[in-house]
Amino acid sequence: MIIRTANIKDLPILLDFEQKIIEAERPMDSTLKQTEKISYYSIEDYIKSDHTEVVVAEVDGEIAGSGYGQIRDRLDYFQQKQLGYIGFMYVKEEHRGKGVSQAIIQYLYDWFKTKDIEEIRLTVYDKNPRAIRAYEKAGFEKHLIEMRINLND
């Protein structure tokens, strides 16, 4: 397995991965538009950005997974001025359970360290226990719970 920085040539498969993520998450989030194509990320902009590292995992020359690490500014009341954020984690079905996501996360940890980032955060749906287990295996701990109500329901 090779983890590498994504490039513009990878964009078509990365855009497909994004749609697969959205497809998997739609049933977990009633606030997402359900019938039209949506996009979570500006992947092309992220690839070109200095503060975002988009990576892919290659297995036998095939792109098997993706993720990004992004440096985000924090509000003044936090100890650190910036934090790392991980998103766009996707692994093709046939490569799940083989350590692909763990390798991507480790690559991003190492990238964040070169940028002097001490804390990394991510968001995951509560209704996605498989992803939660993968993140916990990588050392993440639950920190905040976001709650919502729709007053029209």
Side-chain angles (χ1 to χ4, degrees), residues 1-75 80-143 146:
M1 179 179 350
I2 297 169
I3 309 298
R4 65 168 174 81
T5 300
N7 59 59
I8 294 299
K9 292 177 187 175
D10 300 322
L11 196 54
I13 192 143
L14 295 176
L15 292 172
D16 181 59
F17 285 3
E18 178 186 32
Q19 290 307 306
K20 285 181 169 56
I21 291 169
I22 292 166
E23 180 183 320
E25 291 181 347
R26 271 194 167 119
M28 298 177 208
D29 191 338
S30 63
T31 67
L32 294 177
K33 293 178 181 177
Q34 297 296 312
T35 56
E36 62 189 75
K37 185 175 179 179
I38 61 173
S39 181
Y40 286 167
Y41 315 107
S42 300
I43 299 168
E44 183 174 354
D45 292 337
Y46 289 176
I47 289 171
K48 296 175 181 177
S49 171
D50 291 334
H51 69 280
T52 304
E53 177 76 352
V54 181
V55 299
V56 296
E58 285 187 8
V59 177
D60 298 327
E62 171 194 15
I63 296 178
S66 65
Y68 76 73
Q70 188 171 69
I71 298 170
R72 296 183 174 182
D73 292 331
R74 300 194 76 185
L75 296 172
Q80 296 91 14
K81 293 182 183 199
Q82 295 181 313
L83 64 79
Y85 183 85
I86 289 178
F88 189 43
M89 292 297 299
Y90 180 79
V91 177
K92 285 184 170 181
E93 186 96 25
E94 62 268 26
H95 295 287
R96 292 181 185 165
K98 299 178 182 177
V100 175
S101 64
Q102 297 301 310
I104 291 170
I105 291 169
Q106 186 59 56
Y107 183 98
L108 293 172
Y109 285 175
D110 294 341
W111 181 77
F112 283 126
K113 287 177 187 175
T114 69
K115 305 294 184 184
D116 295 321
I117 298 297
E118 296 176 20
E119 182 178 344
I120 303 168
R121 294 192 181 201
L122 56 78
T123 56
V124 61
Y125 284 103
D126 185 54
K127 295 178 183 177
N128 193 345
R130 185 176 183 156
I132 292 169
R133 281 192 304 274
Y135 294 132
E136 288 175 337
K137 186 176 178 181
F140 284 89
E141 298 175 347
K142 292 178 183 175
H143 179 64
E146 180 176 285

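Position 1 is the first residue of the sequence; numbering continues from there. Quick caveat, the model's predicted, so the values are computed rather than measured.
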Next on the checklist: Quick check: closest heavy atoms across Met89 and Gly67, and the distance to 0.1 Å?
Outcome noted: SD-CA, 3.9 Å
Item to check | Flag, side chain of Arg72 to backbone of His51, donor-acceptor distance under 3.5 Å | outcome: no
Next on the checklist: Between Glu25 (side chain only) and Glu23 (backbone N and O only), is there a donor and an acceptor less than 3.5 Å apart?
Outcome noted: no
Checklist outcome for this item: When rounded to the nearest 0.5 Å, the distance separating OG1 of Thr52 from CD1 of Ile71 is 8.0 Å
Next on the checklist: Minimum heavy-atom separation for Val56 and Ala6, please, with both atom names.
Outcome noted: CG1-CB, 4.0 Å
Checklist outcome for this item: Hits for ring-ring contact (aromatic ring centres under 6.0 Å, His included) against Tyr107, two or more places apart or cross-chain, chain-then-number order -> none
Checklist outcome for this item: Across all chains, not counting sequence neighbours, the side chain to side chain contact (heavy atoms under 4.5 Å, CB included) partners of Lys81 are none
Next on the checklist: Testing the basics here: between Ile63 and Glu58, what is the closest heavy-atom pair and its distance to 0.1 Å?
Outcome noted: CG1-CG, 4.3 Å
Next on the checklist: Measuring from atom CG of Leu14 to atom OH of Tyr90, what distance do you get when rounded to the nearest 0.5 angstrom?
Outcome noted: 11.5 Å
Checklist entry - Rounded to the nearest 0.5 Å, what separation is found between the CD1 atom of Ile3 and the CD atom of Gln102? => result 11.0 Å
Next on the checklist: With rounding to the nearest 0.5 angstrom, report the CD1 to OG distance, Ile21 to Ser39.
Outcome noted: 10.5 Å
Checklist entry - How far apart are the C-alpha atoms of Asp10 and Arg4, what are their side-chain angles, what is the distance that settles it, and do they pass the side chain to side chain contact (heavy atoms under 4.5 Å, CB included) test? => result CA-CA 11 Å; Asp10 300 322; Arg4 65 168 174 81; 2.8 Å; yes
Enumerate, atom names and distances included, each donor-acceptor pair closer than 3.5 Å involving a side-chain atom of residues 121-135, sequence neighbours excluded.
residue	atom	partner	partner atom	Å
Arg121	NE	Glu119	OE2	2.6
Arg121	NH2	Glu119	OE2	3.0
Arg121	NH2	His143	NE2	3.4
Thr123	OG1	Tyr85	OH	2.8
Tyr125	OH	Asp29	OD2	2.6
Asn128	OD1	Ala131	N	3.3

Checklist outcome for this item: Residues passing the salt bridge (charged side-chain N to carboxylate O under 4.0 Å, His left out) test with Lys137, sequence neighbours excluded, are none
Next on the checklist: Looking at Asp73, is its backbone amide N or carbonyl O close enough to the side chain of Gln80 to form a donor-acceptor pair, meaning the two atoms are under 3.5 Å apart?
Outcome noted: no
Next on the checklist: Nearest 0.5 Å, please: how far is OG in Ser101 from NE2 in His95?
Outcome noted: 13.0 Å
Checklist entry - Shortest non-hydrogen contact from Met1 to Ala103? => result SD-CB, 3.8 Å
Checklist entry - Heavy-atom distance under 4.5 Å between the side chains of Trp111 and Thr5, does that happen here? => result no
Next on the checklist: Quick check against the 3.5 Å criterion: does Tyr109 have a side-chain atom that pairs as donor or acceptor with the backbone of Ala138?
Outcome noted: yes
Item to check | Qualifying residues under ring-ring contact (aromatic ring centres under 6.0 Å, His included), relative to Phe88, sequence neighbours excluded | outcome: Tyr41
Checklist entry - So do the side chains of Tyr40 and Leu32 get within less than 4.5 Å of each other, counting heavy atoms only? => result yes
Next on the checklist: Can you list everything that forms a side chain to side chain contact (heavy atoms under 4.5 Å, CB included) with Glu146? Sequence neighbours excluded, please.
Outcome noted: none
Next on the checklist: Quick one, Asp116 and Gln82 - any side-chain contact, counting heavy atoms below 4.5 Å?
Outcome noted: no
Next on the checklist: Within the structure provided, determine whether Lys98 and Val91 are in side-chain contact (heavy-atom separation under 4.5 Å).
Outcome noted: no
Item to check | Val100 versus Ala57, closest heavy-atom pair with distance | outcome: CG1-CB, 3.6 Å
Next on the checklist: For the CD1 atom of Ile117 and the CD atom of Gln70, what is their distance to the nearest 0.5 Å?
Outcome noted: 11.0 Å
Checklist entry - Hey, is Glu62 close enough to Lys92 for a salt bridge, meaning N to O under 4.0 Å? => result yes
Item to check | Criterion side chain to side chain contact (heavy atoms under 4.5 Å, CB included) on Phe112 and Ile86, from CA distance to verdict | outcome: CA-CA 10 Å; Phe112 283 126; Ile86 289 178; 3.9 Å; yes
Checklist entry - Of all heavy-atom pairs between Leu11 and Ile47, which one has the smallest distance, and what is that distance? => result CD1-CD1, 4.3 Å
